[in-house]
Chemist: 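Here's a structure for you.
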Amino acid sequence: MAGQIPQRFIDDLLGRVDVVEVVGERVQLKKAGRNYSGLCPFHQEKTPSFTVSADKQFYHCFGCGANGNALRFLMEYDKLPFPEAVEQLAGRLGIEVPREGADDPRAQQREKKRKEGVNLLELAASFYRERLKMQEGQSAQRYLSGRGLTDEVIKTYGIGYAPSGWEALKQHLSERGIGEPVQVEYGLLIHREDTGRTYDRFRDRVMFPIRDLRGRTIAFGGRVMGDDQPKYLNSPETPVFHKGRELYGLYEARQASSKLEQLVMVEGYMDVVALAQFGIHNAVATLGTATTEDHLTRLFRLVSRVVFCFDGDRAGRQAASRALETALPQMIDGREARFLFLPEGDDPDTLVRREGTQAFQDRVTCAMPLSEFLFEQAAQGRDLNTVEGRERFASQVLEALNKVPDGMLKSLLLESLAQRSGLAQEQLKVLLEKRAQVSQHHASQRQAEQVEPDSASSAMQGAVLAAPAHSSRSRSQALSPVGRIVQLLLHEPNLVTSLPDHLEWLPEDDDAPLCRELIALLKAGRYRSPQVVLAHFQGSQQGQALAVFAKRELLIPKADREAELNGWVEHLQHVQRQRSPQEEYTALLAQERAGQKLDKEQRQRLASLVMELAQRQ
């Protein structure tokens, strides 16, 4: 479906569903006076601290602070995106979800194309499964049998076989009226530019369908059965598949257990499937890429503990080092990462077959904590009995700690570093704060330079230097000051009350229209969470832009976010004061001529500038 979901529909929907029923289907609740209580599904506890109010249509946990309405509960418990949670609630009542702009022909065409792509991939998955059962799939059957896989596991993971012919799938889909261009677009065919010929991407391979969290096939991975190269072949990037976000086996892991506690990250499809054959159903694999920030964000939404499983050789250690770098900024309190190194020459598949289920699970349980791996990495090749060795060791660990969000884990790591290096903890804390300030100051200068060369005003510098240490991570490039304000308001909608009543401080840059629209929405007083804000803009260009901002994790502690916002606003006010009336008049006039409607304040300002400039002549 295309377009935004109207807010009035969401409000009406929440008024018609019962949060007690929604929660009670997933959590065992007991009547406790006017409310209901039970064990919180969002953290481990032995004494119930989770309450659901039928009167207020609200749930709240006094242990971990989780709270919200029926919609929020579905998003958090079932890990559903906002639109899908709305769809599920509406489905309970048997009503259709309306969409604003759904009558837009272009939007309808995009939605039709997306559905065709998903249906196409499901058809291909069915084709591969059927070919595995046929005479031409006997070699694949023998291969899978030789790997010890039962029919049950093969069925659970939807494993199939791609015939060796060059056009087997192409002909199958073409007979069903599916054109070659869409087959190419969704990665099933390869198009040769020089000859114009198209042919099947996957040939004579065991096929592993890659599914999204709803179980829909979005891509494939194919494995050779002999020594041909490449051993693994994945679908290319398509409109529905992005390697850096998806994980093989995640859907199946969630199906196997509704209450996952940890997930084990391995390197290949066969590792995931082999572990499942031995009763270990919580393994997932990346798809030919290193572990990304998006991977970990997705995993930590589902579980509090992730165990990285690597080969014990040099390449495995290097991959683990990269995973450590990616994990550090994600380690807020309550999350745990561990590193399991297998004996050289072994992978999870061979090891679990040789040692058995319990022995492998024992290895996972005893995996190295992130803290130990961090210190081991920093100590490697250094003599800690020397002053120079301890200095380099401490410097490397401090550099890593600069990426860890503020919290208990960071404090404990600092304490452990003090014990290992012989330096006083307070001394290390001062050094860490200086590193963080320098990093943040440099990042702020880069951001400011994108707007004005001389924009490092004293007000902005004061706000930056007063802010606590946090990482200067960026997904692609540094945000502009207006972009930073958008990010802060998206993550903390309540901060809109601290903004000036007028918007004269807001410059006309690329992010300004989005910022102005976001501020107007928040000042209306109806949106108080990032999820609802994103839902309001769902399906629009603004929604796509805000989704990018939402993915950039905001590592500034809550207590300091208002000061950060005020600092940026003061900085922009300083920049505006440096502009001449003529420049301001020209900018507003250009905006109006470009078809961008001026708001009331801008029109008044334009009129006053006309008078001011006329008097000067």
Side-chain angles (χ1 to χ4, degrees), residues 1-11 68 71-72 75-76 79-87 97 99-102 104 106-107 110-111 114 239 242 244-245 292-294 297-298 301 447 450-451 473-499 503 505-556 558 561-562 564-565 568-569 572 596-597 599:
M1 298 181 186
Q4 302 172 22
I5 302 173
Q7 182 63 33
R8 62 184 180 278
F9 175 80
I10 296 170
D11 295 339
L71 194 54
R72 178 65 179 267
M75 292 171 65
E76 295 294 329
K79 311 300 178 188
L80 294 176
F82 183 88
E84 293 177 15
V86 174
E87 293 277 0
V97 178
R99 303 276 178 149
E100 294 174 345
D104 180 355
R106 289 175 298 179
R110 286 195 301 269
E111 181 62 18
R114 188 193 67 80
H242 307 283
R245 292 208 298 263
T292 67
E293 182 183 326
D294 283 333
T297 299
R298 174 167 285 192
R301 282 176 183 163
Q447 292 161 2
Q450 293 184 0
V451 180
R473 293 165 51 240
S474 172
R475 298 180 65 85
S476 55
Q477 62 180 26
L479 292 176
S480 70
V482 177
R484 184 67 66 190
I485 289 170
V486 170
Q487 185 193 30
L488 283 161
L489 290 174
L490 179 60
H491 283 271
E492 291 287 339
N494 288 324
L495 291 181
V496 73
T497 58
S498 69
L499 291 176
L503 296 181
W505 53 268
L506 187 61
E508 292 306 321
D509 71 357
D510 292 342
D511 294 319
L514 179 63
C515 186
R516 186 174 289 107
E517 192 166 346
L518 179 60
I519 290 171
L521 180 74
L522 297 181
K523 282 189 173 181
R526 302 178 62 187
Y527 300 86
R528 288 294 176 265
S529 75
Q531 293 87 352
V532 178
V533 172
L534 289 169
H536 174 86
F537 291 101
Q538 179 72 25
S540 66
Q541 287 185 341
Q542 296 97 320
Q544 293 174 359
L546 285 172
V548 174
F549 282 106
K551 288 177 182 177
R552 300 176 71 122
E553 190 171 359
L554 189 62
L555 298 177
I556 304 169
K558 263 182 172 294
R561 291 176 181 178
E562 185 172 355
E564 179 84 357
L565 178 66
W568 284 116
V569 172
L572 292 173
Q596 298 179 28
K597 191 175 180 181
D599 59 25

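Below, each value reflects all heavy atoms present in this structure, side chains not excepted, and no hydrogens, waters or symmetry copies.
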Chemist: Can you tell me how far CG of L514 sits from CG of L490, rounded to the nearest 0.5 angstrom?
Modeler: 9.0 Å
Chemist: Minimum heavy-atom separation for A512 to P507, with atom names?
Modeler: CB-O, 3.0 Å
Chemist: If you apply the rule side chain to side chain contact (heavy atoms under 4.5 Å, CB included), what do you find for L518 with V496, and how did you get there?
Modeler: CA-CA 9 Å; L518 179 60; V496 73; over 6 Å; no
Chemist: Could you measure the distance from the CD1 atom of I485 to the CG atom of L495? Nearest 0.5 Å is fine.
Modeler: 11.0 Å
Chemist: Only counting residues at least two apart or in another chain, list the ones meeting side chain to side chain donor-acceptor pair (under 3.5 Å) with T292.
Modeler: H295
Chemist: Under the rule for side chain to side chain donor-acceptor pair (under 3.5 Å), what residues qualify as partners of E84, not counting sequence neighbours?
Modeler: R214
Chemist: Of the non-hydrogen atoms in L572 and W505, which two are nearest, and what is the gap between them?
Modeler: CB-O, 3.5 Å
Chemist: Mind checking the CD-CD spacing from E492 to E562? Nearest 0.5 Å is all I need.
Modeler: 10.0 Å
Chemist: Taking everything shown except Q542 itself, do over 12 heavy atoms lie less than 6.0 Å from its CD?
Modeler: yes
Chemist: Can you name the residues that form a side chain to side chain contact (heavy atoms under 4.5 Å, CB included) with A85, not counting sequence neighbours?
Modeler: L71, L74, M75, L80
Chemist: G244 and D294: which non-hydrogen atoms are nearest, and at how many Å?
Modeler: O-CB, 3.6 Å
Chemist: Side chains of E517 and L521, heavy atoms from C-beta outward: is any pair under 4.5 Å?
Modeler: no
Chemist: Could you report the tightest heavy-atom contact between G483 and F549, atom names first, then the distance?
Modeler: O-CE2, 3.3 Å
Chemist: To the closest 0.5 Å, what do you measure between CD (Q487) and CG (L489)?
Modeler: 10.5 Å
Chemist: So S480 and D510, do their side chains get closer than 4.5 Å, heavy atoms only?
Modeler: no
Chemist: How close do F82 and I10 get, heavy atom to heavy atom, and via which atoms?
Modeler: CZ-CD1, 3.6 Å
Chemist: Report yes if some heavy atom in the side chain of L499 is under 4.5 Å from a heavy atom in the side chain of L565; otherwise report no.
Modeler: yes
